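Each remark here refers to the structure printed beneath this line.
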Amino acid sequence: MRQILVTSALPYANGPIHLGHLVEYLQTDIWVRFQKLYGNRCIYICADDTHGTAITIRAQHEGRSEEELIAQVSQEHLADFGGFGIAFDHYGSTNSEETRQYCHEIWQALRDADMVAERDIEQLYDVEKQSFLADRFVRGTCPKCGAKNQPGDNCGSCGETYSPSDLIDPVSALSGTTPEIRSAKHLFVEIEKLHGFLDEWTQSGTLPSESANYLKGFFLNQALRDWDISRPGPYFGFEIPDSPGNYWYVWFDAPIGYIGTSKQWCDLHGENFDDWWRNPESEIHHFIGKDIQYFHTLFWPAMLKTAGFTLPTKVHIHGFLTVDGAKMSKSTGTFVRASKYLEHLDPAFLRYYYASKLNSKVEDIDLNLEEFVARVNSDLVGKVVNLASRSAKFVAESGLSATYPDDGGLFEKFAAEGGAIAASYEAGDFSKAMRAILDLADLSNPYVETNAPWELRKDPEKAQQLQDVCTVALNLFRQLAIYLSPVLPDLAEKAGALLNDPITSWEQAKTPLVGTPVAKFQHMLQRVDPKKVEAMIEESREEAPDTQVVAEVSGTAAVDDSDQPLKDEPIAPEITIDDFAKLDLRVARVITANEVPEARKLVQLTLSLGGDERRNVFAGIKAAYEPEALVGRLVVMVANLAPRTMKFGVSEGMVIASGPGGDDIYLLSPDDGAQPGQRVR
RNA sequence: GGGCCUGUAGCUCAGCGGUUAGAGCAGGGGACUCAUAAUCCCUUGGUCGCGAGUUCGAAUCUCGCCGGGCCUACCA
């Protein structure tokens with residue numbers, strides 16, 4: 001029997017769980033349930049990731065302590081996970097004494113190995129908030145292209161990368177004040193000292209090959225940089241014991257949360273911690289998204305190695321979720337919270353749909369809503385559940401036959417498939433497992449069809465035959481329920497209740513069930529109602545701020561808009577009316593709009609300011625607007641902006657729009673009646 | 001610009017050197033009526049992105065091109 005400790009990445013205690021997160025937690029939960037069913041010793045550990053500046057900012061904004069915030073978010077997370085049947089053996093928090101203890105231990109090991117260096121680095125400091133500013137909490141003008149209001153690490157307009165101190169007119173996102181440059185001591189882990197170990201470990205089959213290649217070609221082909229793991233206080237986190245006033249960076253203690261939370265579980269269950277984390281026989285499996293490979297495949301094994309913990313056996317890496325082929329988007333309603341989903345739909349639907357899509361590759365998966373409905377209804381309701389639904393009631397009186405009848409080898413065939421299905425589960429290739437199971441289901445209904453129990457029942461002399469046919473159908477159904485139970489635990493439970501024999505082990509699929517009573521059949525799964533899917537999307541859209549809707553609200557009627565945009569980008573320093581007058585905004589009509597094929601973001605526009613006045617403008621709105629759809633409409637442009645030579649030509653102004661970027665861009669349009677050339681003031 | 005992944009029936013995908021390329025769904029025709037407008041049978045549908053090469057033989061291997069995606073651009 002294998003002994004397996006499994007983790008999912010720790011969700012950040014700064015926001016709700018959404019359908020994208022659930023890919024990982026459902027993937028992990030299915031894998032863990034499979035291991036348990038298969039008879040392996042397996043525990044599933046997870047926790048909230050609670051430290052860092054973002055937590056402090058949100059807590060301050062909401063006028064409460066960080067501890068209060070993370071306690072509440074933890075409850076919300078647990079409710080969401082519970083609602084989807086995600087069964088952790090223990091769910092903790094990185095803000096725990098156990099995690100602190102292992103941070104100390106690992107830190108000491110790094111010190112002992114002489115892997116810690118100290119250096120002063122310059123960083124922007126918010127005097128009012130008495131806080132150093134992480135890159136993304138500083139905004140200012142790009143030193144290269146002059147684009148305003150860019151984040152502290154790279155320019156969203158020209159793509160230039162720089163450090164926050166290079167920004168022109170930097171502004172703190174915390175207070176809106178101008179930060180100053182201050183020097184502070186930071187601590188670095190010299191991971192290069194384990195380069196040789198990492199070369200070997202990353203290529204030893206612990207990672208998907210895509211990831212192994214990526215690391216090899218991108219990081220391990222050169223000297224590994226020192227990892228800055230400290231932040232000067234105040235910082236919500238753990239203070240570094242031998243460096244007072246400095247705190248561990250959130251990504252230092254987050255993975256240690258796996259260990260700290262394991263320790264909590266051990267203490268609660270009388271288990272020996274070293275048996276799990278200092279034991280070469282123990283397997284450690286991490287499930288993560290491709291965005292955090294870097295931390296889990298370089299720093300994390302380096303830390304474990306140095307401190308003498310069990311190294312991860314496997315890191316399972318999944319891609320991102322798209323919905324209907326596009327990134328999840330609040331404005332289209334495809335950014336769906338877990339709690340919102342649960343208001344409308346059965347979690348079993350999503351568990352099955354994700355399972356039918358997931359494989360062991362680092363690939364993005366798409367939630368196609370139409371396919372979601374069709375697949376669940378056709379596969380689960382039409383094929384699997386239908387098998388029980390159409391046969392159980394004929395044997396509600398008699399129960400299953402005392403001996404298993406001749407079924408032409410069907411049961412044996414189903415049993416024989418168990419090995420291959422188990423192997424697919426083990427490999428994380430759930431889509432393959434689902435296909436194999438559904439192939440079996442496709443053999444089941446024809447059996448019922450040809451043996452027609454509804455005919456047999458008409459003839460009292462054929463009672464035994466009737467019971468036999470239903471015994472076969474229900475046994476096949478039971479095998480399917482066993483194979484599906486990691487994905488659909490509720491269905492397995494109902495199948496157990498129907499046949500008065502709980503499903504507890506994979507092995508049960510090898511032996512026919514006979515002689516048990518059969519309960520009255522009750523629906524095991526409702527069909528997916530497309531209207532409910534629609535409603536879920538619709539309500540998710542309504543929760544996102546939408547200027548169109550707001551504009552229609554009259555007077556001072558309450559509008560429940562999110563404060564997120566303002567938090568993301570605080571109001572800029574005050575200006576005078578004269579400052580504003582420098583800006584010449586004009587109404588303009590789009591005369592032509594063309595794709596710029598070589599450009600990722602740009603659309604080329606010819607704007608008319610009335611009469612013969614034309615402007616050529618490149619606008620970074622390709623992801624949000626089809627050029628054809630722009631022709632003829634009115635926009636607002638900055639008419640007196642200095643012309644700028646771009647790779648594809650000269651841009652003579654800019655059209656103004658709101659939104660964070662990507663496909664979330666909203667052009668401003670004047671109300672009806674406005675004329676091209678009119679000034680906007 | 002670089003790296004990785006990907007392009008097979010309307011849709012989702014399987015096949016990854018060897019007989020006339022498959023499944024499910026959708027479409028068409030029929031049957032049944034036990035079952036959640038479920039099921040069963042039959043059936044339409046593909047120059048396997050394009051072009052070269054290797055081979056007795058390529059959807060499958062190699063190269064080039066075209067299209068899609070993700071990641072990167074001295075940076076975690």
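This one's a predicted model, so the numbers in the text were calculated from it and none came from an experiment. Naming convention: chains lettered A, B, ... in sequence-line order (proteins, then strands); numbering from 1 in each chain. FYI, side chains are in, hydrogens and waters are out, and symmetry mates aren't considered; it's all heavy atoms of this structure.
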A:E449 side chain, from C-beta outward: closest of B:C40, B:C74, B:U12 = B:C40

task = Between B:C41 and B:A52, how far apart are the C1' atoms? Round to whole Å, please.
result = 46 Å

B:C25 OP1/OP2 closer than 4.0 Å to side-chain N/O of A:K383 = yes

task = Quote, to the nearest angstrom, the P distance that separates B:G17 from B:U36.
result = 47 Å

key: A:E461 atom CD: more than 12 heavy-atom contacts under 6.0 Å   = no

task = Answer yes or no: does atom CD of A:E370 have more than 12 heavy-atom neighbours from other residues, nucleotides or ligands under 6.0 Å?
result = no

query = Run the salt bridge (charged side-chain N to carboxylate O under 4.0 Å, His left out) check on A:E534 and A:K531 step by step: do they pass?
reply = CA-CA 5 Å; A:E534 246 171 69; A:K531 288 203 181 73; over 6 Å; no

ask   = Do A:R231's NZ or CZ and the ring of A:Y249 fall within the cation-pi criteria of under 6.0 Å and 45°?
value = yes

task = Please measure how far the C1' atom in B:A26 lies from the corresponding atom in B:C13, and state the result in whole Å.
result = 14 Å

query = Is the charged tip of A:K357 near the ring of A:F430: under 6.0 Å from the six-membered ring centre and within 45° of its axis?
reply = no

query = Using the C1' atom in both, what is the distance from B:A31 to B:G69, to the nearest Å?
reply = 45 Å

query = For B:C40, which nucleotide in any strand shown is its Watson-Crick or wobble partner with both distances under 3.5 Å?
reply = B:G30

ask   = Given atom CD of A:E455 and atom P of B:C34, what is their separation to the nearest angstrom?
value = 9 Å

task = Sticking with atom C1', work out how far B:A9 lies from B:C25, rounded to a whole angstrom.
result = 12 Å

request  = Go through B:C13, B:U72, B:A35 for me and flag the one nearest to the A:R390 side chain.
outcome  = B:A35

task = Considering only atom C1', compute the distance from B:C71 to B:A35 and round it to an integer number of Å.
result = 49 Å

task = Any strand is fair game: report the nucleotide pairing with B:C65 by Watson-Crick or G-U wobble, both distances under 3.5 Å, or none.
result = B:G49

message = If you assign A:A374 and A:E210 each to the RNA chain B nucleotide with the nearest heavy atom, which residue ends up on the more 5' nucleotide?
response = A:E210

query = Of all the nucleotides listed (B:A76, B:U36, B:C34), which has the minimum atom distance to the side chain of A:H523?
reply = B:U36

task = Can you tell me, in whole Å, how much space there is between the C1' of B:C50 and that of B:U6?
result = 16 Å

query = Which nucleotide sits closest to the side chain of A:S378: B:C25, B:C40, B:A23?
reply = B:C25

message = Heavy atoms from C-beta onward define the side chain here; which of B:A76, B:U6, B:C25 lies closest to that of A:F219?
response = B:A76

message = Starting the side chain at C-beta, find the nucleotide from B:G24, B:U39, B:C71 nearest to A:F320.
response = B:C71

request  = Using a cut-off of strictly less than 4.0 Å, decide whether A:R435 has a side-chain nitrogen or oxygen near OP1 or OP2 of B:C13.
outcome  = no

note = Ranking B:U39, B:U36, B:C25 by distance to the side chain of A:N445, first place goes to B:U39

message = How many whole angstroms separate atom CZ of A:F394 from atom P of B:C34?
response = 7 Å

query = Picking from B:C34, B:A76, B:C70, which would you name as closest to the side chain of A:D364?
reply = B:C70

key: Rounded distance in Å - OH (A:Y214) to P (B:A76)   = 12 Å

message = Does B:A35 have its OP1 or OP2 closer than 4.0 Å to a side-chain nitrogen or oxygen of A:K393?
response = yes

key: Between B:G46 and B:G22 - P atom distance, rounded Å   = 14 Å

ask   = What is the distance from CG of A:L369 to P of B:C25, rounded to the nearest Å?
value = 21 Å

ask   = Of all the nucleotides listed (B:U12, B:U36, B:C71), which has the minimum atom distance to the side chain of A:K357?
value = B:U12

key: Reference residue A:H186; test side-chain hydrogen bond (donor to acceptor under 3.5 Å, both in side chains); the match among A:D228, A:N246, A:D120, A:D226   = A:D228

task = Would you indicate which nucleotide in B:C32, B:U12, B:U36 comes nearest to any side-chain atom of A:E371?
result = B:U12

note = By nearest-heavy-atom nucleotide on RNA chain B, the more 5' of A:D379 and A:N359 is A:N359

query = Is the shortest heavy-atom distance from the side chain of A:Y214 to the side chain of A:K290 under 4.5 Å?
reply = no

